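Below, chain A is the first sequence line, B the second, and so on; all start at residue 1. Just so it is clear, the structure is predicted and the values come from calculations on it, not from any experiment.
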2 protein chains.
Amino acid sequence: MNISAASTMCGLPVKTVRYYADIGLVVPASRTEAGYRLYDDEAVRRLVFVRRAREFGFSIGECRELLGLYADRRRSSADVKRIATRRLRQIASKQRELQSLHDELAHLVEACSGDDRPDCPIIDGLGRRHSGE
Amino acid sequence: MNISAASTMCGLPVKTVRYYADIGLVVPASRTEAGYRLYDDEAVRRLVFVRRAREFGFSIGECRELLGLYADRRRSSADVKRIATRRLRQIASKQRELQSLHDELAHLVEACSGDDRPDCPIIDGLGRRHSGE
DNA sequence: CGTAGGGTTTCCAGCAACAGGAGAGTCAAC
DNA sequence: GTTGACTCTCCTGTTGCTGGAAACCCTACG
């Protein structure tokens with residue numbers, strides 16, 4: 001199938017599929033004489049795999065690792081688990097960061113009257129070197 | 001003061017201070033004859049303000065807006081609150097996204113034995129079109 | 001058979017928000 | 001007067017694409 005059919009099947013934009021081919025992440029099964037990329041079912045499966053992994057926030061590099069394990073029949077599930085666990089820790093860390101951000105900003109927003117006067121705890125809070133002061 | 005003194009005072013790398021000057025976000029108070037950027041206390045306050053706002057995840061564009069309000073004595077706190085509230089919603093939305101991501105991935109990781117056998121629910125889960133299947 | 005329309009190819013630019021480095025000028029101290 | 005630190009501008013690279021231009025290709029229609 002050509003690139004637009006593959007694009008439809010895997011749920012990625014044509015541009016992205018082409019990009020993945022360019023960087024050697026998911027290469028087409030072959031090319032026509034005119035140079036058109038041709039994808040088979042296996043290539044589409046790999047594209048779907050990458051889309052899902054990207055949705056999980058895995059970087060292109062991690063996708064490459066996972067894709068290597070995806071096709072490797074001698075892989076150990078421990079290898080996969082290690083990568084996934086690392087990503088899980090990243091997510092948890094980001095969550096904590098967002099939480100404190102949210103709390104701090106919400107605190108400022110609550111303190112702000114939000115009327116037409118210029119006095120604003122949010123501006124004041126941002127202008128201060130450390131938020132806790 | 002020169003750029004490295006300003007950098008130290010505001011807590012931003014020299015490169016970033018220079019970048020902010022280039023894009024017109026925080027311009028130096030003046031220049032020496034040799035072209036060296038000179039910052040005064042007011043400029044440093046603006047740099048600190050931007051650093052803090054960036055730490056809160058405000059984009060450069062939003063920093064520009066906030067900086068405009070920061071200096072504006074006729075501002076209404078409602079304007080500031082509107083921008084901050086918008087950002088707060090972005091944070092909350094990102095939090096929800098991360099949460100479902102975390103849950104889904106944690107689910108897969110838990111199901112994975114993590115030994116030297118190739119069977120791996122994580123790989124299987126990523127390969128599937130929709131995770132819920 | 002010609003052509004109109006789609007699809008496809010390559011390459012080039014650009015997004016955010018800087019970081020790194022080259023090469024040249026500047027400044028203060030010894 | 002020369003060393004060494006600092007600064008300047010300009011260019012490239014980062015991540016993961018997205019959009020566009022110019023050219024080629026393919027099919028259908030008349």
### Query
Is Ser59(B) touching bases, backbone alone, or none of the nucleic acid, heavy atoms closer than 4.0 Å?
sugar-phosphate
### Query
For dA16(C), does OP1 or OP2 lie under 4.0 Å from any side-chain N or O of Tyr19(B)?
no
### Query
Looking across every strand, which nucleic acid part, if any, lies under 4.0 Å from Arg18(B) by heavy atom: base, sugar-phosphate, or nothing?
base
### Query
Is there a donor-acceptor pair closer than 3.5 Å between any side-chain N or O of Glu62(B) and the backbone N or O of Ser59(B)?
yes
### Summary
Rounded to whole Å, CG of Asp22(B) lies from C1' of dA16(C) at a distance of 15 Å
### Task
Grab the CD1-C1' distance between Ile3(B) and dC18(C) for me, whole Å please.
14 Å
#### Entry: Cys112(A) backbone acceptor or donor facing Lys81(B) side chain under 3.5 Å
yes
### Query
Just checking, is any N or O donor in the side chain of Gln99(B) or Gln95(A) under 3.5 Å from an acceptor N or O on the other one?
yes
### Summary
When rounded to whole Å, the CG to C1' distance for the pair Leu38(A) and dC26(D) reads 13 Å
### Contact nearer the 5' end of DNA chain D, comparing Ala34(B) with Ile60(A)
Ala34(B)
### Query
Considering heavy-atom distances to DNA chain D, does Thr32(A) or Asn2(B) have its closest nucleotide positioned more toward the 5' end?
Asn2(B)
### Task
Tell me what Ile23(B) touches on the nucleic acid: a base, only sugar-phosphate, or nothing, going by heavy atoms under 4.0 Å.
nothing
### Message
Using OP1 and OP2 only, check whether a side-chain N or O of Arg31(A) sits under 4.0 Å from dC25(D).
### Response
no
### Query
Counting only distance, no hydrogens or angles, is the base of dG25(C) paired donor-acceptor with the side chain of Tyr36(B) under 3.5 Å?
yes
### Task
Round to the nearest Å and state the distance from Glu33(A) atom CD to dC24(D) atom C1'.
15 Å
### Query
If you round to the nearest 0.5 Å, how far is CG of Leu105(B) from CZ of Phe58(A)?
5.0 Å
### Task
Look at the side-chain N and O atoms of Arg51(A) and state whether any lies under 4.0 Å from the OP1 or OP2 oxygen of dC17(D).
no
### Task
Establish, with yes or no, whether the OP1 or OP2 oxygen of dA17(C) is under 4.0 angstrom from a side-chain nitrogen or oxygen of Thr16(B).
no
### Query
Just to confirm, is there a sub-4.0 Å distance from OP1 or OP2 of dA17(C) to any side-chain nitrogen or oxygen of Arg54(B)?
yes
### Query
Counting only heavy atoms not in Arg31(A), do more than 12 sit closer than 6.0 Å to its CZ atom?
yes
### Task
Test for a donor-acceptor pair under 3.5 Å between the base of dG21(C) and the side chain of Lys15(B), counting only N and O atoms.
yes
